[in-house]
Engineer: 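A single structure is presented below for examination.
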Amino acid sequence: MGNLPLKESMSDFVQRLKERKLVQWSLAYLAGGWLVLQVLDVTAEPWGLSNGLIRTIQAALVFGFFVTLVLAWYHGERGQQGVSRSELMMLGGLLAVSAVILMVYQRADAGRSGLSGDGDPPLVEAAGAAFGPAVAVLPFVNNSPDEENAFFAAGIQEDILTQLSKIRDLTVLSRTSVMRYQDDSDRNLREIGEELGATAILEGSVRRDADRIRVTAQLNDAQADESMWAETYDRQLEDVFAVQSEIAREVADALQATLSPTEMDRISSAPTGSLPAYDLYLRGREAYLRQNPSDNEEAIRLYKQALALDSEYALALAGLSRAYANRPYRFGGDPAWADSALVLADRALEIDPREGTAHNARGYVFGTRGWRQEAYEEYLRAWELDPNDNTAMNNLAASHRARGQLDQALIWWERALHIDPFNPLYPDRMAFIHAAIGDTVQAVRLKRESLASLNPGGSNARAIEASVAVLEGDLSRAREIWEELLELEPSSPSFREEVAEAAFKAGDFDAVIVHLEGTSSDSSLLFEEIGGNASQPRTMLLYGVSMIEVGREPEGRDFLTSLIALRMRQIAAGNEDPPPWLDLATAQAALGQIDEALESFAQAQQIGGAFVAGLLGPEDGWGTALELTSLRSDPRFQDLMGRLEGDVADARALIQADSRPAAQL
């Protein structure tokens, strides 16, 4: 009998729920909310919706549910239009709570959105996220009657790799590392899996004959060396994109990877409706990947032909953008080509906002101009679109390094190395960071790891040997290696500059001038010769200081004055990187402009922190420390160096901390 009031109370409560249709209102709201979330998932990328906006909408839907319950309780039965005081208090409380939580979301999103000029931003958690199953897509065998179609088989492999790399649940090994197995006719999949760290290996073949293609694909367990899935596709040539998409979906399914609707849509979309344009694009991409001036020009020609057949081909536009950007920044062409590269990338993104290659191209141009925040945002967007894009990872790392955030840069390079284990670039970049914080032993180890991925005796390997000699304090050996390389490639501007750098650090200023002038003593000719080279400011600095040292002071002062004017123009144009300020400091110090030099050095230290320490290097090594001799006795300079030492200590502590997300790698 004592429980009767409680039963009656519960019965009354249930009856009131029914009368007010609270369950029906709740179900209707949840159904509508689910529909909104599905629409968001599909439209977020095409419409370019930010993560912050998406989270705001999600939070609003959650709190809207409680608002719906309040309204249903009071109005579900009677349909009253008036709102009582108690309702207002309830709704006001809910809105206040939602406003506080949304503010927290927005602040967290701002911390994740990019670089900050006010201190170190929070660590990018995504960079330390755990990896999914790793798959290696080995080069496909060309079985076509015409050997000329080898480019087509290579293109199929590259496109399948690209499609798989868009799936966040998978780790897709980079093309750079898997291409080492291209000529391996007797593949041992277990050994390849161990070398690459792969869970599964996809191999296949392509036969193209007239308007027909046959593609075979087999996914193997890398550890058990057993087949997980295999299929043969006999199709019309026009079905080539559908075949690539089917293979990507089957591989994802075999590895139990979950595809979002957006990922499914992206891997199912055909990039062009013109097969001849696709052929030209594949040939252009193969030429571009060889990364030399003549092949870069061939890539430009082929991309243009592809666009003549399909002007809406976003991939070809993005490819042409990258090739245009190569002209000034890799091969010493007119800087105006970078403007054209931006126009092409923008056009590609107008057609397909999800084209990560175009975001990388925009970021590359922004980065070389020192527009660090803009570059970072483009690289981050490219990585969000393609979580296996090691190019974006490398560029994100470089952006953090330029801000002195060496711990975050190291995490991104470690992640890139996991995706691309045989790329010598990443251990080399990581070595710079360890050298900057004074860990020479680790820096040398990473340099030697980089050497292991290069052809012994090649120019790249010898260049790294020279940098190892610098780290070990054997500067004469480093200079000897650079001189040998210059003898082998006398037309190489970079080798000339390195030899000049080595001579400068040895105090051999006559040799600096000889190497930079070549066979001419006309400094104006030198200026024209290096005018389009990306290393021009450094060359001008070495040349100007050396001429002052050998008694050619008027010419030397003219060069340094030109360098100062160049760097000031770049800074005025928005360059946010430390090197322009550091070059200003060294040139101003050489000209006796002590106050100006100290101010410039302070700017470099404030922007770049520990990165500037890496640029300076040890006092008897490569870098610019020796050019700042005239500042060393000034207490203001000593104070700045103390701050720099503090930056290095902070970076060292973060890198050595056991709690770094990189430990998940």
Side-chain angles (χ1 to χ4, degrees), residues 401 424-518 530 533-547 549-550 579 582-583 586 590 610-629 648:
R401 184 184 67 172
L425 173 68
Y426 308 133
D428 189 57
R429 298 286 172 84
M430 291 157 64
F432 173 93
I433 289 179
H434 285 282
I437 64 172
D439 189 353
T440 304
V441 173
Q442 182 75 340
V444 170
R445 185 193 70 77
L446 286 163
K447 287 280 187 181
R448 296 198 184 283
E449 182 180 326
S450 182
L451 273 173
S453 299
L454 295 169
N455 294 326
S459 59
N460 289 333
R462 297 301 308 282
I464 291 180
E465 288 174 9
S467 63
V468 170
V470 172
L471 288 170
E472 294 177 338
D474 191 351
L475 304 185
S476 61
R477 174 59 180 155
R479 183 178 180 183
E480 180 183 317
I481 293 172
W482 285 120
E483 287 174 344
E484 291 172 0
L485 285 171
L486 186 59
E487 287 181 9
L488 293 173
E489 298 184 38
S491 62
S492 169
S494 61
F495 289 166
R496 271 202 296 164
E497 184 176 320
E498 292 290 354
V499 171
E501 185 90 52
F504 186 91
K505 292 305 176 186
D508 190 351
F509 301 111
D510 288 313
V512 174
I513 294 170
V514 168
H515 286 306
L516 293 182
E517 287 185 346
I530 65 174
N533 195 297
S535 61
Q536 176 188 3
R538 182 66 186 157
T539 306
M540 293 171 69
L541 184 65
L542 296 178
Y543 192 70
V545 172
S546 296
M547 285 203 290
E549 291 290 340
V550 301
L582 196 55
D583 283 347
T586 52
F611 175 50
V612 174
L615 293 175
L616 290 174
E619 291 190 359
D620 56 350
W622 267 228
T624 58
L626 290 180
E627 291 108 282
L628 298 171
T629 302
V648 170

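All figures in this text were calculated on a predicted structure; none of them were measured in a lab.
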Engineer: Which residues pass the side-chain contact (heavy atoms from CB on, under 4.5 Å) test with P424, sequence neighbours left out?
Structural biologist: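 Listed in chain order: S450, S453, L454.
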
Engineer: Supply the atom-to-atom distance L615 CG to F611 CZ, rounded to the nearest 0.5 angstrom.
Structural biologist: 4.0 Å

Engineer: So which atom in A436 and which in A613 form the shortest heavy-atom distance, rounded to 0.1 Å?
Structural biologist: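 Residues A436 and A613, closest heavy atoms: O-CB, 4.3 Å.
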
Engineer: Atom CG of D583 and atom CG of L541: how far apart are they, to the nearest 0.5 Å?
Structural biologist: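 That separation rounds to 5.5 Å.
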
Engineer: Who passes side-chain contact (heavy atoms from CB on, under 4.5 Å) against A435, sequence neighbours left out?
Structural biologist: A443, L471

Engineer: Are I513 and V550 close enough that some pair of their side-chain heavy atoms sits under 4.5 Å apart?
Structural biologist: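 Yes, at least one pair of side-chain atoms sits under 4.5 Å.
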
Engineer: If you apply the rule side-chain contact (heavy atoms from CB on, under 4.5 Å), what do you find for R401 with F432, and how did you get there?
Structural biologist: CA-CA 10 Å; R401 184 184 67 172; F432 173 93; 3.8 Å; yes

Engineer: Can you list everything that forms a side chain to side chain donor-acceptor pair (under 3.5 Å) with R448? Sequence neighbours excluded, please.
Structural biologist: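 Only E472 meet the side chain to side chain donor-acceptor pair (under 3.5 Å) criterion with R448.
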
Engineer: In Å and rounded to the nearest 0.5 Å, what is the NE2 to CD distance from H515 to E497?
Structural biologist: 13.0 Å

Engineer: Could you please spell out the steps behind the side-chain contact (heavy atoms from CB on, under 4.5 Å) verdict for Y426 and L446?
Structural biologist: CA-CA 9 Å; Y426 308 133; L446 286 163; over 6 Å; no

Engineer: For E489, which residues count as a side-chain contact (heavy atoms from CB on, under 4.5 Å) partner, sequence neighbours excluded?
Structural biologist: S459, S492, F495

Engineer: Using salt bridge (Lys or Arg N to Asp or Glu O under 4.0 Å) as the criterion, list what pairs up with D508, not counting sequence neighbours.
Structural biologist: R479

Engineer: Pairs under 3.5 angstrom only: tabulate donor-acceptor contacts from the side chains of residues 460-469 to other protein residues two or more places apart or in another chain.
Structural biologist:
residue: R462; atom: NE; partner: E465; partner atom: OE1; Å: 3.0
residue: R462; atom: NH1; partner: E484; partner atom: OE1; Å: 3.4
residue: R462; atom: NH2; partner: E484; partner atom: OE1; Å: 2.8
residue: S467; atom: OG; partner: K447; partner atom: NZ; Å: 3.2
residue: S467; atom: OG; partner: I464; partner atom: O; Å: 2.7

Engineer: Please enumerate all residues that pass salt bridge (Lys or Arg N to Asp or Glu O under 4.0 Å) together with E480, with sequence neighbours excluded.
Structural biologist: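 Residues passing salt bridge (Lys or Arg N to Asp or Glu O under 4.0 Å) with E480: R477.
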
Engineer: Can you list everything that forms a side chain to side chain donor-acceptor pair (under 3.5 Å) with D474? Sequence neighbours excluded, please.
Structural biologist: S476

Engineer: Name the residue from V514, D510, V512 that meets the side chain to side chain contact (heavy atoms under 4.5 Å, CB included) definition with S546.
Structural biologist: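 That would be V512.
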
Engineer: Just how far is it from atom OG1 of T539 to atom CD of E501, taken to the nearest 0.5 Å?
Structural biologist: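 That separation rounds to 9.0 Å.
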
